[in-house]
Amino acid sequence: MTRIICIVLTVLLFTACSKETPEPDSVPAENMYFPPLTGTNWETKSISDLKWNQSAVQPLLDYLQAKNSKSFIILVNGRIVLENYFNNHTATTNWYWASAGKTLTSTVTGIAQQENLLNINDKVSKYLGTGWTSETLAKENLITCKHLLTMTSGLDDSTDDVDPVNLIYKADAGTRWAYHNVYVKLQDVVAKASGQSWETYFNSKLRDKIGMNGNWVQLGVNSVYTSTSRSMARFGLLMLNKGKWENNIILNDAYFNEATTTSQDINLGYGYLWWLNGKTSYHLPQSQLTFQGSIIPTAPNDMFMALGKNDQKIYVIPSKKMVVIRMGDAADNVNLALSDFDKTLWEKISALYQ
């Protein structure tokens, strides 16, 4: 009997060991790809390689062309899956980012903070001096750099002018969310804190480190970035990889995580100048209404977005390891950031992989 018990225990022991030893992965996880900093080489991945639905491609492209698009790119794990140009636009043509470029300002502000040049919790007047608004000193001193990042400065949003005479008190900083061009003052903060021009600092700390092209153009009160579509895709890829380009940390984890999660309790769909999908409610530009549900219900809930006037788009979807770029004219009517175009576009993108 003792011998039988020993045999049974031995069998059980070997069975347990075999279960604890995982089977080797027959298909190794694909690494994230980063294109070279110079040149035009960029690895691709085919629809068939991904086992996506080839029949969904043409309806997507037809829709993009019909909706005044100039370019469209999908990256998966950094590799180009779709890259299409419309209406005489090309891979070497620069186009404006509009408010999608706000995320560049957010990112470079974070870089300046990690270099200990500034602290986003400091009041703006620490860097720009007092009198940068028309508010009383007490109210002006309530406005921090973080309030500019989160659109909660409390300044009157009935005008986008950022001269002091037009920066008028509406509410205490932190108590009201309103989409306002005053965020651009962060570029002045970075310039003062770094002792360099905004563009010089931006180029050396972000643009050149990830191989982007492009430049800043002053259009009235707006500082607008222009670049090729691939440069926009490079920035999207950086953010998909949480601020790292290959093994180089461009933006640290702490700031990246803050920037791409809800930044205040008024507009749950807003981070540090990034729009956030999948929240229970959100606000829109030029409105104080709270809208229930996800910003783009047809898109993945974990998506975060850079959205600009006339439907300039960077969509970053971590769960799909995907970046989507759209540049062009307004799909329908002129708009500040969001439009019905997003919802239909994502129905057609989702058809690729569902």
Side-chain angles (χ1 to χ4, degrees), residues 25-61 63-65 69-86 89-95 97 100 103-104 107 206-214 227-251 256 260 277 299-300 302-306 312-328 345-346 348-354:
D25 223 339
S26 57
V27 182
E30 186 177 52
N31 65 306
M32 189 83 75
Y33 167 78
F34 297 87
L37 296 185
T38 59
T40 59
N41 291 336
W42 198 313
E43 283 188 13
T44 61
K45 191 85 171 176
S46 72
I47 294 287
S48 58
D49 287 341
L50 292 169
K51 296 181 170 55
W52 282 6
N53 180 10
Q54 183 68 50
S55 65
V57 173
Q58 198 57 50
L60 168 62
L61 298 182
Y63 179 72
L64 286 162
Q65 183 153 24
S69 301
K70 291 187 177 293
S71 66
F72 184 77
I73 297 174
I74 293 180
L75 306 181
V76 174
N77 258 331
R79 294 165 181 85
I80 294 174
V81 178
L82 289 177
E83 182 179 23
N84 300 89
Y85 298 93
F86 313 91
H89 201 79
T90 71
T92 58
T93 308
N94 282 0
W95 191 251
W97 291 36
T103 56
L104 296 172
T107 300
L206 179 56
R207 187 193 73 172
D208 297 346
K209 288 192 174 182
I210 65 173
M212 291 172 66
N213 81 317
S227 80
T228 62
S229 302
R230 280 192 174 194
S231 284
M232 188 183 251
R234 283 174 179 270
F235 178 62
L237 176 56
L238 173 72
M239 301 311 287
L240 176 64
N241 205 41
K242 299 182 177 181
K244 301 179 186 67
W245 190 264
E246 296 185 299
N247 296 318
N248 300 318
I249 297 173
I250 309 298
L251 182 69
F256 169 83
T260 56
N277 208 42
D302 67 325
M303 182 170 77
F304 56 97
M305 306 162 277
Q312 319 310 320
K313 315 285 186 186
I314 305 175
Y315 303 112
V316 182
I317 311 95
S319 61
K320 302 291 183 187
K321 299 179 180 177
M322 185 188 298
V323 174
V324 179
I325 303 299
R326 188 272 183 186
M327 285 179 152
L345 177 60
W346 268 99
K348 295 187 179 298
I349 294 172
S350 298
L352 290 171
Y353 55 79
Q354 289 181 345

Begin from the C-alpha positions of Trp42 and Arg234 and carry the test side chain to side chain contact (heavy atoms under 4.5 Å, CB included) through to its verdict.
CA-CA 11 Å; Trp42 198 313; Arg234 283 174 179 270; 3.8 Å; yes
Going through the checks in order, is the side chain to side chain contact (heavy atoms under 4.5 Å, CB included) test met by Tyr315 and Met322? CA-CA 8 Å; Tyr315 303 112; Met322 185 188 298; over 6 Å; no
Exercise for review: Apply the test side chain to side chain contact (heavy atoms under 4.5 Å, CB included) to residues Phe235 and Arg207: give CA-CA distance (whole Å), side-chain angles for both, the deciding distance (0.1 Å), then the verdict.
Suggested key: CA-CA 9 Å; Phe235 178 62; Arg207 187 193 73 172; over 6 Å; no
Under the criterion side chain to side chain contact (heavy atoms under 4.5 Å, CB included), I'd like the reasoning laid out for Met32 against Leu240: C-alpha separation, chi angles, the key distance, then a yes or no.
CA-CA 10 Å; Met32 189 83 75; Leu240 176 64; 4.0 Å; yes
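No more than 12 heavy atoms of other residues, nucleotides or ligands shown are found within 6.0 angstrom of CD1 on Ile249.
Remark: side-chain polar atoms of Asn41 are not paired, donor with acceptor, to backbone N or O of Pro36 under 3.5 angstrom. Side-chain N or O atoms of Gln312 include one that pairs as donor or acceptor with a backbone N or O of Gly328 at under 3.5 Å.
Partners of Lys244 by side-chain hydrogen bond (donor to acceptor under 3.5 Å, both in side chains), not counting sequence neighbours, listed by chain and number: Asp253. Here Ser69 pairs with Arg326 under the side-chain hydrogen bond (donor to acceptor under 3.5 Å, both in side chains) rule; sequence neighbours left out. Here Ser55 pairs with Asn53 under the side-chain hydrogen bond (donor to acceptor under 3.5 Å, both in side chains) rule; sequence neighbours left out. Residues forming a side-chain hydrogen bond (donor to acceptor under 3.5 Å, both in side chains) with Asn77 (at least two apart in sequence, or on another chain): Glu30. Residues passing the salt bridge (Lys or Arg N to Asp or Glu O under 4.0 Å) test with Lys348, sequence neighbours excluded: none.
With contacts defined as side-chain heavy-atom distances shorter than 4.5 Å, the pair Phe34/Leu238 does not qualify. A heavy-atom distance below 4.5 Å is found between the side chains of Phe86 and Leu61. At least one side-chain heavy atom of Met239 sits under 4.5 Å from a side-chain heavy atom of Phe304. Looking only at side-chain heavy atoms (C-beta outward), Met232 and Ile314 come within less than 4.5 Å of each other. Using a 4.5 Å heavy-atom cutoff, the side chains of Ile74 and Ile80 are not in contact. Side chains of Met303 and Lys320 form no contact here, defined as non-hydrogen atoms less than 4.5 Å apart. Side-chain contact check for Tyr353 versus Leu50: every heavy-atom pair is 4.5 Å or farther apart. Here the side chains of Val324 and Leu345 are not in contact, with every heavy-atom distance at 4.5 Å or above.
Rounded to the nearest 0.5 Å, atoms CG (Leu251) and CG (Asn241) are 11.5 Å apart. Between the OG1 atom of Thr90 and the NZ atom of Lys70 there is a distance of 10.5 Å, given to the nearest 0.5 Å. Note that the CH2 atom of Trp346 and the CD1 atom of Ile317 stand 3.5 Å from one another [nearest 0.5 Å]. Atoms CG and CG, on Asn213 and Asp208 in that order, are 10.5 Å from each other to the nearest 0.5 Å. Rounded to the nearest 0.5 Å, atoms CD1 (Ile349) and CD (Gln354) are 11.0 Å apart. Residue Tyr85 holds its OH atom at 8.5 Å from OG1 of Thr92, rounded to the nearest 0.5 Å.
Looking at every heavy atom in both residues, Phe256 comes nearest to Gly243 through CD1-N, 4.2 Å. In this structure, Ala351 and Ala56 approach most closely via the heavy-atom pair O-CB, 3.6 Å.
No hydrogens or angles considered: nothing links the side chains of Trp95 and Ser229 as a donor-acceptor pair under 3.5 Å.
Within the structure, salt bridge (charged side-chain N to carboxylate O under 4.0 Å, His left out) pairs that include any residue of residues 31-43 comprise Glu43-Arg79 (at least two apart or interchain).
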